[in-house]
K.L.:
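Before I ask anything, let me first share the structure, which is written out below as structure tokens.
Along the sequence shown, residues are numbered consecutively beginning with 1.
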Amino acid sequence: MAHPSGRGGMANALSAMTVLSGRTGPVRTAYRCRAYPTPEQAAVLNRTFGCVRVVWNRTLAARHARYHAEGKSTSYAETDRALTEMKKQPDLTFLGEVSSVPLQQTLRHQHTAMTAFFAKRARYPRYKSRRGRQSASFTRSAFRLRGGNLSLGKTPGVLRFVWSWPNIDPAGLAPTMVTVSRDPDGRWFVTLAVDVDTPTAPEPTGEVVGVDLGLTDFAVLSTGERIRHPRHMERRERRLRRYQRMMARRQRGSANRAKAKQRVARAHSRVRDARRDFLQQQSTALVRRFSAIAVEDLAVANMVRNRSLARAISRTGWAEFRALLAYKAHRDGRALAVVDRWYPSSKTCSACGHLLAELSLGTRCWTCPSCGIRHDRDVNAAKNIAVAAGLVETQNACGADVRHEGPPSVRSAVNQEPQPVRVGLTRL
């Protein structure tokens, strides 16, 4: 049963995410809530997760073998027929004990993943493991949500979940899909996918900002404001190391090791939830305050190859922050511009356009040898990012190498006349 007034902090429900393909027509919104299945329900759902893994792994292995043997791809219809034959095998009769909808949905998900791989939009699908996050998706034919009570196919009773959006009545929702998942730390979640009307865009504020993401501060704005790092991982690292040592001393395969492993997973989950909550709050604040936002196109996968900075970069969540900014800006009708990653934002003077020949990573402040203005490295970079995106007008950039995610706000490069760039050395 859903409890509209139930509150459990970040652990109970993470904020809703909206996926938009345009400003017209219905949009799909997903609400992720904490679930509390009974022991009987948990047993059925765990069997469902196992059947989903078996179908996914066997189908993926068959696709792989056929492609390398015959050079042919496998269609969804062929995998659907193979699932029917799979259920007839004596050693796989347990597949008929759970709802067939999650099994068919995992075939659809795999077909979508393979299509994205061949289109070079994603990597090759991997095999599912029982040690990671488990999930099963139910379409409308396999669940019922009436009066805020959720029932799943072949699952006994009503699945209790906690609703954390007091301004939305779950009884009035008509989900198109329900996904039940279990994290490695033992927590259960229910995700309701709902088609809603396009939200009304807020009034434009007329303010623009450039955002420089970093390690000293999470973000520095072109207005001079700084968003400090919450340092979630550092505050919990001592406890996490202690839990990891306890798990290492436990015998492999024992019940005590399983308990210790779940404790380690829970410590990681606390860090992840705190970081996600921080990113949600900061991205929402920026989108509500500014009509146009400019960020750098950071290559995080390449940056983490630096062994000295890999851990610090992985903790920041830059890629997730960029994704949150993109969909929230699209939803609210804001302009999000992405500046080319090779643009020298830190080495360029935001006042006169002077370009330094070299600027070490440890240099936090520098004085322009051309105009004599002393710059804070991060604030100067944020100002240049706003300039390169065409959000503000100065002499040092035209915004030609900018990719916009939203309504474009930059004139063509041929209609602008940027000042020539001068190269010099830094003076501290």
K.L.:
Could Lys383 and Asp212 be called an ion pair, given the rule that one side-chain N must be under 4.0 Å from one carboxylate O?
P.N.:
no

K.L.:
Okay, side chain of Thr106, backbone of Pro102: is any donor-acceptor separation there less than 3.5 Å?
P.N.:
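Here the side-chain-to-backbone pair does not exist.
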
K.L.:
How close do Val211 and Ile293 get, counting heavy atoms only, and between which atoms?
P.N.:
CG2-CG2, 3.9 Å

K.L.:
Passes side chain to side chain contact (heavy atoms under 4.5 Å, CB included), Arg226 versus Thr216? Steps please.
P.N.:
CA-CA 10 Å; Arg226 296 176 181 271; Thr216 304; 5.9 Å; no

K.L.:
Would a distance-only check, ignoring hydrogens and angles, find a side-chain to backbone donor-acceptor pair under 3.5 Å from Thr363 to Cys365?
P.N.:
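Such a contact is absent between Thr363 side chain and Cys365 backbone.
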
K.L.:
Applying side chain to side chain contact (heavy atoms under 4.5 Å, CB included) to His268 and Asp183, what does each step give before you reach the verdict?
P.N.:
CA-CA 11 Å; His268 278 293; Asp183 282 356; over 6 Å; no

K.L.:
Determine, stepwise, if the pair Glu296 / Ser345 fulfils side-chain hydrogen bond (donor to acceptor under 3.5 Å, both in side chains).
P.N.:
CA-CA 9 Å; Glu296 271 187 305; Ser345 58; 3.3 Å; yes

K.L.:
Can you tell me if Arg334 uses its side chain to pair, donor with acceptor, with the backbone of Val287 under 3.5 Å?
P.N.:
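Yes, the answer is positive, given that a donor and an acceptor are paired below the 3.5 Å cut-off.
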
K.L.:
Give, for atom NZ of Lys259 and atom CE of Met246, the distance between the pair rounded to the nearest 0.5 Å.
P.N.:
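If I round to the nearest 0.5 Å, the distance is 11.5 Å.
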
K.L.:
Check this for me, if you would: do Lys261 and Asp185 make a salt bridge, where the nitrogen-to-carboxylate-oxygen distance has to be below 4.0 angstrom?
P.N.:
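A salt bridge is absent here (no side-chain N lies under 4.0 Å from a carboxylate O).
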
K.L.:
Report the distance from atom CZ of Phe138 to atom OG of Ser99, rounding to the nearest 0.5 Å.
P.N.:
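So the CZ of Phe138 and the OG of Ser99 are separated by 5.5 Å.
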
K.L.:
Distance from His64 atom NE2 to Arg66 atom CZ, nearest 0.5 Å?
P.N.:
14.5 Å

K.L.:
Using the benzene-type ring in the case of Trp, are the ring centres of Trp56 and Tyr127 under 6.0 Å apart?
P.N.:
no

K.L.:
Any side-chain donor-acceptor pair under 3.5 Å between Arg272 and Ser269?
P.N.:
yes

K.L.:
Please report the closest heavy-atom contact between Cys368 and His354, naming both atoms and the distance.
P.N.:
SG-CB, 3.7 Å

K.L.:
Does Arg289 CZ have over 12 foreign heavy atoms under 6.0 Å away?
P.N.:
yes

K.L.:
Go through the steps to decide whether Leu152 and Val178 satisfy the test side chain to side chain contact (heavy atoms under 4.5 Å, CB included), and finish with yes or no.
P.N.:
CA-CA 9 Å; Leu152 301 175; Val178 171; 4.3 Å; yes

K.L.:
Which atom names give the shortest non-hydrogen contact between Ser151 and Val158, and what distance separates them?
P.N.:
OG-CG2, 4.0 Å

K.L.:
Are the side chain of Trp163 and the backbone of Ile168 linked by a donor-acceptor contact shorter than 3.5 Å?
P.N.:
yes

K.L.:
If you define the side chain from C-beta out and look only at heavy atoms, does anything of Met247 sit under 4.5 Å from Arg257?
P.N.:
yes

K.L.:
Please report the C-alpha distance between Gln110 and Arg63 in whole Å, then the side-chain angles of each, then the deciding distance to 0.1 Å, and finally whether the side-chain hydrogen bond (donor to acceptor under 3.5 Å, both in side chains) criterion is met.
P.N.:
CA-CA 10 Å; Gln110 188 174 116; Arg63 283 178 181 272; 3.0 Å; yes

K.L.:
Can you name the one residue among Val194, Thr139, Leu192, Asp195 that meets side-chain contact (heavy atoms from CB on, under 4.5 Å) with Thr176?
P.N.:
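By the side-chain contact (heavy atoms from CB on, under 4.5 Å) criterion, Thr176 pairs with just one of Val194, Thr139, Leu192, Asp195: Asp195.
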
K.L.:
Any sub-3.5 Å donor-acceptor pair from Ser222's side-chain atoms to Val209's backbone N or O?
P.N.:
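No, the answer is negative, given that no donor and acceptor are paired below the 3.5 Å cut-off.
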
K.L.:
Is Asn380 reaching over with its side chain to a backbone N or O of Ser350, donor-acceptor style, under 3.5 angstrom?
P.N.:
yes

K.L.:
Looking only at the side chains, is there a donor atom on one of Ser137 and Thr179 sitting less than 3.5 Å from an acceptor on the other?
P.N.:
yes

K.L.:
CD of Gln89: more than 12 outside heavy atoms within 6.0 angstrom?
P.N.:
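Count over threshold, so yes.
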
K.L.:
May I ask you to decide if Arg288's main-chain N or O and Asp332's side chain share a donor-acceptor pair within less than 3.5 Å?
P.N.:
no

K.L.:
Minimum heavy-atom separation for Ala357 to Lys347, with atom names?
P.N.:
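Nearest pair, atom of Ala357 first, then Lys347: O-NZ, 3.9 Å.
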
K.L.:
Any side-chain to backbone donor/acceptor pair from Thr316 onto Ile313? Under 3.5 Å, distance only.
P.N.:
yes

K.L.:
Say whether, by atom type as modelled, one donor and one acceptor occur between the side chain of Arg144 and the main chain of Leu150 under 3.5 angstrom.
P.N.:
no

K.L.:
Please give me the minimum heavy-atom distance between Leu336 and Ala326, naming the atom from each residue.
P.N.:
CD2-CA, 3.6 Å

K.L.:
Under the side-chain hydrogen bond (donor to acceptor under 3.5 Å, both in side chains) rule, what do Arg160 and Asn149 come out as? Steps first, then yes or no, please.
P.N.:
CA-CA 8 Å; Arg160 176 176 172 262; Asn149 298 325; over 6 Å; no

K.L.:
In Å and rounded to the nearest 0.5 Å, what is the CZ to OG distance from Phe49 to Ser181?
P.N.:
6.5 Å

K.L.:
How about Leu298 and Arg341: do any of their side-chain heavy atoms sit closer than 4.5 Å?
P.N.:
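Heavy-atom side-chain distance check fails, nothing below 4.5 Å.
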
K.L.:
Kindly say whether Ala136 contributes a backbone atom to a donor-acceptor pair with the side chain of Gln105 at under 3.5 angstrom?
P.N.:
no

K.L.:
Apply the test side chain to side chain contact (heavy atoms under 4.5 Å, CB included) to residues Lys87 and Ser100: give CA-CA distance (whole Å), side-chain angles for both, the deciding distance (0.1 Å), then the verdict.
P.N.:
CA-CA 10 Å; Lys87 291 181 178 180; Ser100 62; 3.5 Å; yes

K.L.:
Considering only heavy atoms from C-beta outward, does the side chain of Pro37 approach that of Phe161 to under 4.5 Å?
P.N.:
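No, their side chains stay 4.5 Å or more apart.
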
K.L.:
Taking the six-membered ring where the residue is Trp, are the ring centres of Trp188 and Tyr36 under 6.0 Å apart?
P.N.:
no

K.L.:
Name the one of Arg187, Arg32, Arg34 that satisfies salt bridge (Lys or Arg N to Asp or Glu O under 4.0 Å) with Asp273?
P.N.:
Arg187

K.L.:
Taking the side chain as every heavy atom from C-beta outward, state whether Val44 and Pro156 have any pair of such atoms under 4.5 Å apart.
P.N.:
yes

K.L.:
Over 60° means perpendicular and under 30° means parallel, so tell me whether Phe117 and Tyr124 are parallel, tilted or perpendicular.
P.N.:
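Judged by the thresholds at 30° and 60°, the geometry between Phe117 and Tyr124 is perpendicular.
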
K.L.:
In terms of side-chain heavy atoms, does Ser129 have a donor or acceptor partner in Arg53 at a distance below 3.5 Å?
P.N.:
no

K.L.:
Quick one: does Leu213's side chain get under 4.5 Å of Val295's, heavy atoms only?
P.N.:
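Answer no - side chains too far apart.
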
K.L.:
Check whether any side-chain heavy atom of Ile373 sits under 4.5 Å from a side-chain heavy atom of His375, and report yes or no.
P.N.:
yes

K.L.:
Are Phe218 and Phe321 an aromatic pair, judged by ring center distance below 6.0 Å?
P.N.:
yes

K.L.:
In terms of side-chain heavy atoms, does Glu225 have a donor or acceptor partner in Thr223 at a distance below 3.5 Å?
P.N.:
yes

K.L.:
Of all the heavy-atom pairs spanning Pro125 and Ala113, show the shortest one and how long it is.
P.N.:
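Of all heavy-atom pairs spanning Pro125 and Ala113, the closest is CG-CB, 3.7 Å.
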
K.L.:
Would one find more than 12 heavy atoms of other residues, nucleotides or ligands at under 6.0 Å from atom CZ of Arg126?
P.N.:
no

K.L.:
Less than 4.5 Å apart, side chain to side chain, heavy atoms only: is that true for Tyr343 and Asn384?
P.N.:
yes

K.L.:
Measure the CE-OH distance between Met114 and Tyr67 for me, rounded to the nearest 0.5 Å.
P.N.:
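Interatomic distance, Met114 CE to Tyr67 OH, rounded to 0.5 Å: 8.5 Å.
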
K.L.:
Side-chain contact, heavy-atom cut-off 4.5 Å: Met177 with Phe143?
P.N.:
no

K.L.:
Drop me the distance from His111's NE2 to Thr59's OG1, to the nearest 0.5 angstrom.
P.N.:
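Atom-to-atom, His111:NE2 and Thr59:OG1 are 13.0 Å apart.
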
